[in-house]
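The next block holds one structure in the form of structure tokens; read it before the comments.
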Amino acid sequence: MNMNNVPRPIISPNKIIEKNTPGDKFYVIVSGNVSIGGIENVSDKVYGTFEYFGEASLLLGGLRSADVIAETSVTAYSIAKGSFLRLIR
């Protein structure tokens, strides 16, 4: 598995994932908070340390279903799609 060895810092406000784009990475938050929004009939959520996002489009093969925005300075590990799919199989 080729996971980035060093968590990547993300400065707020910064869009990490844009809704309706192809999924290419899975993320695990090391520190900070992100907001997950833009999902029809679902309230926006805030994710923090040790939570993860980005798996749905990788597993289902569709486009991203939500926007993910750094609400604070965020540090996160990312795993490329191919590595993520090998990891879970």
Side-chain angles (χ1 to χ4, degrees):
M1 178 178 75
N2 185 14
M3 186 166 100
N4 293 345
N5 293 329
V6 178
R8 177 171 79 105
I10 304 162
I11 306 301
S12 72
N14 191 353
K15 191 177 281 188
I16 302 168
I17 290 178
E18 186 169 351
K19 184 177 179 174
N20 295 322
T21 61
D24 62 345
K25 292 179 185 170
F26 168 77
Y27 295 87
V28 178
I29 302 168
V30 175
S31 65
N33 294 311
V34 301
S35 65
I36 314 262
I39 303 172
E40 191 172 326
N41 299 320
V42 176
S43 298
D44 289 358
K45 300 175 185 178
V46 175
Y47 286 9
T49 303
F50 304 125
E51 293 187 284
Y52 58 88
F53 58 92
E55 76 286 357
S57 67
L58 303 182
L59 294 170
L60 301 174
L63 298 177
R64 299 286 195 182
S65 61
D67 291 320
V68 179
I69 298 170
E71 292 296 326
T72 65
S73 291
V74 172
T75 302
Y77 283 107
S78 65
I79 304 173
K81 181 179 181 176
S83 295
F84 175 76
L85 293 175
R86 282 190 298 280
L87 175 68
I88 62 167
R89 290 189 181 153

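- Test Asp67, Ile36, Ile10, Ile29 against Ile16 for side chain to side chain contact (heavy atoms under 4.5 Å, CB included) and you get one pass: Ile10.
- Residue Tyr27 forms a side chain to side chain contact (heavy atoms under 4.5 Å, CB included) with just one option from Val68, Ile17, Val74, Val34, and that option is Ile17.
- The heavy-atom pair separating Lys81 from Gly23 by the smallest distance is CD-O, 3.8 Å.
- Taking the six-membered ring for Trp, Phe26 and Tyr52 have ring centres closer than 6.0 Å.
- Checked by atom type and distance alone, the side chain of Lys45 never pairs as donor or acceptor with a backbone atom of Gly37 at under 3.5 Å.
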**Request:** Evaluate side-chain contact (heavy atoms from CB on, under 4.5 Å) for Asp44 paired with Ser35, printing each intermediate quantity in order.
**Result:** CA-CA 7 Å; Asp44 289 358; Ser35 65; 5.7 Å; no

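- Taking NZ of Lys25 as the start and OH of Tyr77 as the end, the distance is 15.0 Å to the nearest 0.5 Å.
- No donor-acceptor pair closer than 3.5 Å links the side chain of Arg64 to the backbone N or O of Ser57.
- For the residue pair Asn33 and Thr72, the shortest heavy atom distance occurs at N-OG1, 2.8 Å.
- Scanning all heavy atoms of the two residues, the minimum distance from Gly54 to Leu58 falls at O-CG, 3.4 Å.
- The side-chain heavy atoms of Phe84 and Leu59, taken from C-beta on, include a pair separated by under 4.5 Å.
- Val42 and Ile69 fall into different hydrophobic clusters, where Ile, Leu, Val, Met, Phe, Trp and Tyr are joined by side-chain heavy atoms under 4.5 Å apart, directly or via other members.
- One hydrophobic cluster holds both Ile79 and Ile88 under the rule that ILVMFWY side chains link at heavy-atom gaps under 4.5 Å.
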